[in-house]
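Counting from 1, the numbers follow the sequence of the chain as shown.
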Amino acid sequence: MTDGEGFYSICGICGKGRLIPVAMLETQEGRLVRYRCTNPDCNVRFDQHGYERYDPEKQDWVRL
């Protein structure tokens with residue numbers, strides 16, 4: 001392992017990138033951490049509810 005590969009989970013969508021934390025939000029239920037895949041071709045984010053992919057046509061995140 002190099003560059004801390006073992007610290008981050010492999011993306012469940014592409015299987016190539018790593019899910020790195022990019023945002024932590026406070027909600028009524030507690031903290032919500034969002035992760036993004038490091039593979040630019042994948043373009044997904046992950047939170048406690050599952051995966052989302054950004055849709056440029058809708059200009060919004062779409063749940064997978």
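Using a 4.5 Å cut-off on side-chain heavy atoms (C-beta onward), Arg18 and Thr38 make contact.
Cluster partners of Trp61, by chain and number: Tyr54. The rule joins Ile, Leu, Val, Met, Phe, Trp and Tyr whenever side-chain heavy atoms lie under 4.5 Å apart. Alongside Leu25, the hydrophobic cluster contains Leu32 (criterion: ILVMFWY side chains under 4.5 Å).
The hydrophobic cluster containing Ile13 also contains Val33, counting ILVMFWY residues as joined when their side-chain heavy atoms lie under 4.5 angstrom apart, directly or transitively.
Here Ile20 contributes atom CD1 and Tyr8 contributes atom OH; the two are 7.0 Å apart, rounded to the nearest 0.5 Å.
Applying the side-chain hydrogen bond (donor to acceptor under 3.5 Å, both in side chains) test to Glu57 and every residue at least two apart in sequence or in another chain returns nothing. Annotation: ring-ring contact (aromatic ring centres under 6.0 Å, His included) contacts of Tyr35 (sequence neighbours excluded): none.
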Show me the donor-acceptor pairs within less than 3.5 Å that the side chains of residues 39-51 make with the rest of the protein, sequence neighbours left out.
| unit_1 | atom_1 | unit_2 | atom_2 | d |
| --- | --- | --- | --- | --- |
| Asn39 | OD1 | Asp41 | N | 3.1 |
| Asn43 | OD1 | Arg36 | NH2 | 3.2 |
| Arg45 | NE | Glu52 | OE1 | 2.6 |
| Arg45 | NH2 | Glu52 | OE1 | 2.9 |
| Asp47 | OD1 | His49 | N | 2.8 |
| Asp47 | OD1 | Gly50 | N | 3.4 |
| Asp47 | OD1 | Arg63 | NH1 | 3.3 |
| Tyr51 | OH | Gly12 | N | 2.9 |

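Among residue pairs with one or both ends in residues 9-29, none qualify as ring-ring contact (aromatic ring centres under 6.0 Å, His included); sequence neighbours excluded.
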